[in-house]
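Shown next, in structure tokens, is the structure this report addresses.
As the structure lists them, so they are numbered: ligands from 1, and atoms in each ligand from 1.
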Amino acid sequence: MTCQASNELEQLVLQARPYSSQGKLATYIPALEKANPSHLSVAIFHLDGTCTYAGDYKQRFSLQSISKVLSLAYVLARIGDEEVFQRVGMEPTGDPFNSIAKLETTKPSKPLNPMINAGALVVTSLIPGADLKEQWEDFLDFIRTLTGNPEIAYNKELQESEFSTSYLNRALCFFMKQHGIINGEVEKIMELYTKQCSIEMNCLELAQLGAVFANNGRNPVSGEQIIPVQIARICKTFMVTCGMYNASGEFAMKVGIPAKSGVSGGILGVIPNRCGIGVFSPALDEKGNSLAGWKLLEFMNEKYNFSIF
Ligand code: GLU
């Protein structure tokens with residue numbers, strides 16, 4: 001794999017960086033407050049195996065909600081779409097990612113999609129394995145295969161910080177357990193979920209993982225089919241309709257690519273049959289999307305014209 005610094009991308013980073021001062025770090029997970037709000041990094045991983053990067057590209061960050069795409073791909077591949085979509089829907093909500101509102105008004109109380117917290121918690125509850133250790137290790141192996149880095153791990157401090165403060169996510173779990181949408185022990189689901197959210201990587205690894213989705217589930221370097229074509233398609237579709245929280249419509253309009261963001265400030269972008277993109281900048285807008293990261297993707301779209309629409 002050849003990765004190179006790109007002057008062109010660096011110019012776009014320079015243009016987008018000032019926007020980071022308008023955003024705010026997520027603070028409801030206490031350890032996320034330690035991030036440097038002025039960080040901005042980007043990498044593009046092309047399907048010929050080459051990649052380019054700019055900004056603070058070595059900086060590692062946690063996946064947070066980006067992991068929802070990966071747990072979905074994994075669970076769909078392991079247990080099949082019928083079982084998954086019995087418990088979680090396919091529609092955008094227009095609500096904030098951690099909202100409980102629609103669970104109460106939708107009958108049955110099945111979350112509208114797997115990109116909101118309620119839906120992602122259902123997906124995590126479906127990760128197969130004899131016990132929590134096996135569930136976690138097999139899932140982590142999948143992430144390591146996707147990034148090509150066997151050292152990928154989770155940030156324990158961050159995981160513990162979220163695990164000890166996740167009252168709302170526990171509430172979502174208990175609500176859904178009451179309604180028979182999730183089975184199993186809530187504390188175990190929460191441990192697995194906070195671990196998957198705390199998995200750390202840099203923008204290069206995120207871009208490489210995105211390239212697998214761009215390449216219809218096939219690793220562009222090794223040629224290995226890691227995710228079945230149909231499942232990669234389902235994930236990209238959810239990324240377009242629900243990937244950027246309740247700003248997914250605006251993002252589709254302004255950037256126009258499958259993408260998923262997380263409250264750490266990471267954004268995974270996928271340009272089908274072209275490349276994967278990893279972006280990171282931790283200062284967020286009011287809906288939870290990276291402010292400078294979003295701006296950077298807008299500038300990139302103006303320059304490279306990558307909207308799929
Ligand atoms: N771990 C975070 C939570 O569940 C992820 C949220 C996000 O990135 O949107 O609150």
Distance-only donor-acceptor hits, side chain of residues 80-93, under 3.5 Å, sequence neighbours excluded:
| residue | atom | partner | partner atom | Å |
| --- | --- | --- | --- | --- |
| R87 | NH1 | I181 | O | 2.9 |
| T93 | OG1 | D95 | N | 2.9 |
| T93 | OG1 | D95 | O | 3.4 |

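- When heavy-atom distances to ligand 1 are checked against 4.0 Å, the residues falling inside are Y28, I29, Q64, S65, F97, N117, E162, N169, Y193, C197, Y245, G262, V263, ordered by chain and number.
- Geometric assessment of K188 against the ring of Y193 yields a negative cation-pi assignment under the 6.0 Å and 45° thresholds.
- Figure legend: cation-pi geometry between K295 and Y19, with NZ or CZ positioned under 6.0 Å from the six-membered ring centre and within 45° of its axis.
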Quiz: residues 22-32 side-chain donor-acceptor pairs under 3.5 angstrom, not counting sequence neighbours:
none

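- Heavy atoms only, all atoms of each residue included: P37 and S281 are closest at O-OG, 4.3 Å.
- Partners of H179 under the ring-ring contact (aromatic ring centres under 6.0 Å, His included) rule, at least two apart in sequence or in another chain, are F175.
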